[in-house]
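Worth knowing before you read on, the calculation uses all heavy atoms, side chains too, and leaves out hydrogens, waters and symmetry mates.
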Amino acid sequence: MKESIAKAVRKLLTEKNVKKLTVKDIVEECQITRQTFYYHFEDIPDLFRWLLERGTERMLQEAKAQGSAEQELRYFFLVALNAAPYVKRGMQTNYRSELEHLLIEYALHFFEQIIEAEHLYQNYTYSEVRLILRYHSWAIIGILREWTEEDTKNLDRIVHQIYLLISGKVVP
């Protein structure tokens, strides 16, 4: 049922261009009751959280199969670029701040996985590492927000430069 609700939300955001996403819109699209929606989700931000958690888990598993941290980062960009239409629509709804917070949280989690796997920042405190990761997460979200066709052509170069920055091999 959660997948059906998620599918309806994606449809509402992309095909019907809903600006103010409501539970009423979702239950009508799914042809379910409000009670059914609230059985599965606390509210719409909870639904977004579930969508991002599922997507992040799947992306992390698939990214790890890429072989290297730089290839994982490239995969992250490809997934983010494919999800961009949904994210942009979601950002136009009344849940923008919650969605933006969740995106940053999951980008941060992704980068935590990379630095753990690569054994980066071993000489830093936990709070220093969190600050570095927050910085990189916001930077990546900013880059993706302003992504262009030219950037797509230069994806490998951009990913390589970002990997060098994250790994501490190049100082910004």
Side-chain angles (χ1 to χ4, degrees), residues 2-3 6 9-10 13 21 40-172:
K2 285 186 173 188
E3 284 294 337
V9 167
R10 285 191 285 273
L13 291 175
L21 186 63
H40 294 286
F41 299 105
E42 184 178 315
D43 52 20
I44 292 176
D46 185 44
L47 166 62
F48 283 147
R49 192 174 306 105
W50 183 82
L51 283 166
L52 287 170
E53 283 172 1
R54 298 249 325 179
T56 302
E57 287 172 20
R58 194 170 33 248
M59 184 197 55
L60 284 173
Q61 290 173 353
E62 292 169 1
K64 285 180 184 181
Q66 301 301 309
S68 72
E70 189 170 338
Q71 289 297 355
E72 286 180 39
L73 184 59
R74 184 178 191 284
Y75 187 79
F76 172 86
F77 268 87
L78 292 172
V79 169
L81 293 171
N82 285 328
Y86 300 108
V87 172
K88 285 180 182 178
R89 298 281 190 200
M91 292 299 235
Q92 294 170 353
T93 70
N94 45 331
Y95 297 100
R96 178 188 177 99
S97 63
E98 291 95 339
L99 185 56
E100 189 170 71
H101 173 76
L102 290 170
L103 289 170
I104 294 297
E105 185 180 314
Y106 290 111
L108 195 131
H109 179 64
F110 176 78
F111 294 125
E112 281 176 338
Q113 299 291 319
I114 288 179
I115 67 162
E116 285 177 24
E118 295 284 306
H119 306 289
L120 302 172
Y121 305 114
Q122 296 294 308
N123 297 325
Y124 291 83
T125 67
Y126 176 77
S127 61
E128 290 170 332
V129 171
R130 291 292 292 176
L131 179 61
I132 291 167
L133 291 175
R134 284 178 43 215
Y135 172 81
H136 289 305
S137 297
W138 277 99
I140 296 297
I141 297 299
I143 289 169
L144 289 168
R145 211 182 255 159
E146 302 295 323
W147 197 261
T148 66
E149 288 295 321
E150 186 68 23
D151 293 333
T152 301
K153 292 176 189 171
N154 295 309
L155 176 65
D156 290 333
R157 183 184 54 77
I158 291 168
V159 167
H160 181 69
Q161 289 297 313
I162 291 171
Y163 171 74
L164 292 175
L165 286 169
I166 291 171
S167 65
K169 296 175 182 168
V170 171
V171 179

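- The minimum heavy-atom distance linking Ala80 with Leu144 is given by the pair CB-CD1, 3.6 Å.
- Using cut-offs of 30° and 60° for the angle between ring planes, the Phe76 and Phe111 rings count as tilted.
- Between Tyr106 and Arg49 the shortest side-chain heavy-atom distance falls below 4.5 Å.
- Salt-bridge check for Arg54 with Glu3: passed, with a basic side-chain N closer than 4.0 Å to an acidic carboxylate O.
- Annotation for Glu72 and Phe110: closest pair O-CZ, 3.4 Å, computed over non-hydrogen atoms.
- Between Thr152 and Leu155, the closest side-chain pair of non-hydrogen atoms is not below 4.5 Å.
- Contact detail for Ile141 and Ala107: the closest heavy-atom pair is CD1-CB, 4.5 Å.
- Side-chain contact between Glu128 and Leu131 is absent, with no heavy atoms from C-beta onward closer than 4.5 Å.
- The shortest side-chain heavy-atom distance between Asp156 and His160 does not fall under the 4.5 Å cut-off.
- Electrostatic pairing of Arg134 and Glu105 does not count as a salt bridge here, judged by no charged N lying under 4.0 Å from a carboxylate O.
- For Arg130, the side-chain contact (heavy atoms from CB on, under 4.5 Å) test picks out Leu108, Glu112, Tyr126, with sequence neighbours left out.
- Proximity of Ile162 to Ile143: side-chain heavy atoms (C-beta onward) are separated by under 4.5 Å at one or more points.
- Tyr121 pairs by the side-chain hydrogen bond (donor to acceptor under 3.5 Å, both in side chains) definition with nothing, not counting sequence neighbours.
- For the salt bridge (Lys or Arg N to Asp or Glu O under 4.0 Å) test, no residue two or more places apart in sequence or in another chain qualifies with Asp43.
- The shortest side-chain heavy-atom distance between Glu118 and Ile166 does not fall under the 4.5 Å cut-off.
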